[in-house]
Amino acid sequence: MAPGDTARRGLDADRGPARAWLFGVARNVLSTHWRRMERQRPGGRSEGVPFRDDPWEAVDERLDAAAVAPRLRELLGGLPPEERELLLLVAWEQLTPGEAAAVVGIPAGTARSRLHRARHRMRAEAPLNLTGDLA
């Protein structure tokens, strides 16, 4: 008997379409995979603690990011270049406003003012479903 023959014998056309059966097979494969990952995790699974590495959260985050990315690019493109540069240095490169000021060669107070204006413009124009802090 070839691998998969047992699973194929589980298909019963009287119980519904093949598509539903395939989703059931996929669900079982994923469940088995997640259980295996739980067992391989250092320390194993704690009683009552749900699987913490659920990949669906990451999928949702990627989908959300992909949905707002074009609007974010448009908003960033609409900022004056000096404000955009500071915002990206702080939000993307994780620099402090003082560090970003040193990078572009301006006083820290000027950088904070420009950063404040950039954040204000982005928040005022951002779509309602865009969540999170703009640095």
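Put simply, Leu87 and Ile106 are part of two different groups of oily side chains (I, L, V, M, F, W, Y) that touch within less than 4.5 Å, one to the next. By the rule that hydrophobic residues join a cluster once side-chain heavy atoms approach within less than 4.5 Å of another member, Leu88 and Val90 end up as members of one cluster.
Contact detail for Leu86 and Ala100: the closest heavy-atom pair is CD2-CB, 3.8 Å. For the pair Gly98 and Ala108, the tightest heavy-atom approach, listed with the atom from each and the gap, is CA-CB, 4.4 Å.
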Identify each donor-acceptor pair in which a side-chain atom of residues 110-118 lies under 3.5 Å from a protein atom, sequence neighbours left out, and give them as a table.
residue : atom : partner : partner atom : Å
Ser113  : OG   : Gly109  : O            : 3.2
Arg117  : NE   : Glu83   : OE2          : 3.2

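Partners of Glu85 according to the side-chain contact (heavy atoms from CB on, under 4.5 Å) rule, which considers only residues two or more places apart in sequence or in another chain, are Leu89, Val104.
For the atom pair CZ of Arg121 and CG of Leu79, the computed distance is 6.5 Å after rounding to the nearest 0.5 Å.
Residues Leu76 and Met122 have side chains in contact (heavy-atom distance under 4.5 Å, counting atoms from C-beta outward).
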*In sequence, state the C-alpha distance, the side-chain angles, and the governing distance for Glu99 and Glu93, and then conclude on side-chain contact (heavy atoms from CB on, under 4.5 Å).*
CA-CA 10 Å; Glu99 292 167 337; Glu93 301 298 337; over 6 Å; no
